[in-house]
Amino acid sequence: MAVAVRGSRGGGGGGGGFCLSGFSLRSFFSFRIFVSAMFSLLFIATLSVVLTNPSTPDHNSGLPTTGNAYVHRTFLALNSDPLKTRLDLIYKQASDHITLVNAYAAYARKLKLEISRQLAMFNDLAQNFTDLQIKPPSRASLFESDGPVDEEVLKQFEKEVKDKVKTARLMIAESKENYDNQLKIQKLQDTIFAVNELLIKAKKNGAFASYIAAKSIPKSLHCLAMRLVEERVSHPENYTDDEEPKPEFEDPSLYHYAIFSDNVIAVSVVVRSVVKNAQEPWKHVFHVVTDRMNLEAMKVWFKMRPVEGGAHLEMKAVEDFTFLNASYVPVLRQLESAKLQRFYFENQAENATKEAHNKKVRRSRYLSMLDHLRFYLPEMYPKLHKILFLDDDVVVQKDLTRLWKIDLDGKVNGAVETCFGSFHRYAQYLNFSHPRIMEKFNPKACAWAYGMNIFDLDSWRHEKCTEQYHRWQNLNADDTLWRSGTLPPGLITFYSTTKSLDKSWHVLGLGYNPSISMDEINNAAVIHYNGNMKPWLDIALNQYKNLWTKYVDNDMEFVQMCNFGL
């Protein structure tokens, strides 16, 4: 054995190489034969499965639309009748157009278009496509027969399908642009509606927030009142009440002003603006009336910061006018009514959620005596002939003494009218569905503004305007003639006794209108911050705020301590 082994190793290298080469060649050819045999067997197996398991499409349920049916028919067509290929292509074309027609019909239904005729046509067309296969000639020759396809029947079927396809394409081309535009319009309308709903909600929220900001007492104003009262308590010796009334308070030859307010800094601005612009300030007398709670704070302010220029100031509380009691004043009677107390005070939280233009309605402030003092001027100042009424949210920019020289032609009230077009007419303030209002007043009569009014007290007494006010206020105990506030009863009381003044005397709207011309403002004798955006609030309109702040007494130590943010 050892010799044999060695002999095999020691024999020449050529014999060994030949043996290896022959072995490799035989292996290569064997592998190719094996692979070919496997592919042949796989092909035969696949063909056997396809031919022994046919899945004939069910033409009774509509045109075949699945990929399996399409592949199977195509395979059969390649191996049998070439007409099968044409039949399959016709089915495919018809199926695609059925889907397209149904899609446009669905669009029409979704958009709710008023095109019922077109919608019916789309539905009929889709049904016609499906009905083609169940026609007796087509069904028998094309779908139920296992034999070759009848070429004549196939041609007729193809022609009918192509006619339907042509009709479908024409309808789709005609309707496509319309449907696309309608869809865009519908989406745009939906978007506009959604945005409008958000806008309405935002307006309500903004109005409510503005109302809260406007009607709440600012921290700085509360601080100022507390500081002034603290000063009064800490140094009582400096603020005695034993001062005698000055004769100037009843001198009819001087220029008298009535200011009714519980806002200390607002009153100080009104007084300072009058004095700063007066040519003879020592001839001006201010009658300030507030409530009992704010009286001491007012007194301390004007004690610490006396009126400049020698002008005179009288400070009183509403309670100092003893004739103003419930037996005489309808408003006080109504305030003392148990029913109205529940209505005005217990329901404030509910009323606060109403829209901005209804905020004034049902608010106790509009039944406060401080607001209704303007109807008792002749009795409060019996020795005066004329008096100028000023709201606490005005600023005086010019000397006002010319107002006392205006001839009111026997009228009681000199005021600036506010109507333009159909706005600010009597119909907007009074209930003209009530017969009493309808028979006495003209709904188109022009309204005027409170805020700066020159009153002829002698004519007032002659016309018995206070009695007229009492009569109408009593009639409106149930709020059926007007809602609330002081302007509606003022319009009634001075209906035929108001003299229209030039508009430059009194420019309104600085508390809500950002579009007032600066030329108009600069030419005005009095500017009025009527509205919610008062100049002492953070929500004030910035473009007008400096017209008010320049009259604030910033040297007053409590103004600095209370951080008015001016």
Side-chain angles (χ1 to χ4, degrees), residues 245-261 270 274 283-291 312-334 367-392 400-401 403-416 448-476 485-501 506:
K246 296 181 179 179
E248 290 83 0
F249 294 162
E250 297 181 341
D251 187 349
S253 65
L254 301 180
Y255 305 110
H256 293 263
Y257 300 82
I259 306 171
F260 308 141
S261 173
V270 175
V274 172
K283 292 185 177 181
H284 295 257
V285 182
F286 299 93
H287 303 272
V288 178
V289 181
T290 186
D291 52 29
H312 311 280
L313 187 140
E314 179 189 34
M315 182 70 61
K316 284 190 175 183
V318 176
E319 292 78 6
D320 293 333
F321 298 93
T322 55
F323 71 92
L324 297 173
N325 52 63
S327 63
Y328 178 63
V329 179
V331 167
L332 290 178
R333 263 198 317 278
Q334 292 167 13
L367 272 182
S368 73
M369 195 60 235
L370 199 58
D371 287 306
H372 286 257
L373 284 179
R374 65 193 68 190
F375 294 104
Y376 299 95
L377 291 171
E379 295 160 281
M380 295 170 68
Y381 309 106
K383 295 185 178 180
L384 302 182
H385 303 307
K386 282 188 176 183
I387 194 167
L388 182 65
F389 171 77
L390 295 176
D391 268 340
D392 63 357
L400 299 180
T401 54
L403 282 169
W404 276 263
K405 299 178 176 63
I406 293 177
D407 184 4
L408 295 181
D409 300 325
K411 302 293 181 66
V412 176
N413 174 30
V416 171
W448 44 266
Y450 269 127
M452 190 221 70
N453 307 78
I454 182 71
F455 288 108
D456 186 330
L457 300 184
D458 292 332
S459 296
W460 185 318
R461 298 180 186 102
H462 180 266
E463 295 289 341
K464 299 182 179 179
C465 292
T466 301
E467 287 82 349
Q468 288 291 324
Y469 161 71
H470 281 176
R471 174 174 173 268
W472 286 101
Q473 190 68 43
N474 284 323
L475 291 173
N476 193 49
T486 55
L487 181 56
L491 295 175
I492 288 177
T493 302
F494 306 112
Y495 175 57
S496 58
T497 57
T498 296
K499 166 87 171 181
S500 177
L501 302 180
H506 186 193

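From a predicted model like this one, the values you see are computed outputs, not experimental measurements. Heavy atoms only: backbone and side chains are in, while hydrogens, waters and symmetry mates are out.
- Judged by distance alone, the side chain of Q334 and the main-chain N or O of Q473 form a donor-acceptor pair under 3.5 Å.
- With a 4.5 Å cut-off on side-chain heavy atoms, D371 and V331 do not count as touching.
- Between A415 and A449 the shortest heavy-atom distance is CB-O, 3.9 Å.
- Two residues are said to be in side-chain contact when any heavy atoms from C-beta on lie closer than 4.5 Å; D456 and K386 meet this criterion.
- Between S459 and G410, the shortest heavy-atom contact is OG-O, 3.5 Å.
- For the pair T290 (side chain) and A317 (backbone), a donor-acceptor distance under 3.5 Å is absent.
- Judged purely by atom type and a 3.5 angstrom limit, D251 uses its side chain to pair as donor or acceptor with the backbone of S253.
- Ring-centre distance between Y381 and H287: below the 6.0 Å cut-off.
- Looking at H372 and T486, their side chains come closer than 4.5 Å, going by heavy atoms from C-beta outward.
- Contact annotation: the side chain of L373 approaches that of L324 to within less than 4.5 Å [non-hydrogen atoms, C-beta and beyond].
- The OG1 atom of T493 sits 12.0 Å away from the CD atom of E463 when rounded to the nearest 0.5 Å.
- The line from CD of E379 to CG of L457 is 11.0 Å long, rounded to the nearest 0.5 Å.
- A distance-only check finds a donor-acceptor pair linking the side chain of N453 to the backbone of G451 [under 3.5 Å].
- Ring-plane geometry between F260 and F389 is classed as tilted, the angle between the planes lying from 30 to 60 degrees on a 0 to 90 degree scale.
- The shortest distance between side-chain heavy atoms of I454 and K499 does not fall below 4.5 Å.
- Using a 4.5 Å cut-off on side-chain heavy atoms (C-beta onward), H506 and W448 make no contact.
- A donor atom on one side chain and an acceptor atom on the other are found under 3.5 Å apart for W460 and T466.
- Between W472 and F494, the distance from one ring center to the other does not fall under 6.0 angstrom.
- Ring centroid separation for the pair Y328 and H470 comes in under the 6.0 Å cut-off.
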Pair V318-V289, side-chain contact (heavy atoms from CB on, under 4.5 Å): steps then yes or no: CA-CA 6 Å; V318 176; V289 181; 4.0 Å; yes
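- Here CG of D409 is found 12.5 Å from OG1 of T497. Values are rounded to the nearest 0.5 Å.
- Rounding to the nearest 0.5 angstrom, the gap separating the CG atom in L370 from the CG atom in D392 is 8.5 Å.
- Looking at R461, its side chain does come within 3.5 Å of a backbone N or O of P382 through a donor-acceptor pair.
- Across V288, L390, D391, a single residue satisfies side chain to side chain contact (heavy atoms under 4.5 Å, CB included) together with V270, and that is L390.
- Within a 6.0 Å radius of NZ in K383, other residues, nucleotides and ligands contribute 12 heavy atoms or fewer.
- The OH atom of Y376 sits 5.0 Å away from the CE atom of M369 when rounded to the nearest 0.5 Å.
- Looking only at distances, no side-chain donor or acceptor of H312 sits under 3.5 Å from a matching main-chain atom of H256.
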Working note: L403 + M452, criterion side-chain contact (heavy atoms from CB on, under 4.5 Å); need CA distance, chi angles, decisive distance, verdict. CA-CA 10 Å; L403 282 169; M452 190 221 70; 4.0 Å; yes
Hey, mind stepping through L400 and Y255 against side-chain contact (heavy atoms from CB on, under 4.5 Å) and telling me if it holds? CA-CA 9 Å; L400 299 180; Y255 305 110; over 6 Å; no
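- Interatomic distance, OG of S327 versus CG of N325, reported as 3.5 Å (0.5 Å rounding).
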Show, in sequence, the C-alpha distance, side-chain angles and deciding distance for R333 and N474, and conclude whether the side-chain contact (heavy atoms from CB on, under 4.5 Å) test is met. CA-CA 9 Å; R333 263 198 317 278; N474 284 323; 2.8 Å; yes
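- Using the six-membered ring where Trp is involved, H284 and F286 have ring planes that are parallel, under 30° apart on the 30 and 60° scheme.
- Residues F249 and L254 fail the side-chain proximity criterion, which asks for heavy atoms closer than 4.5 Å.
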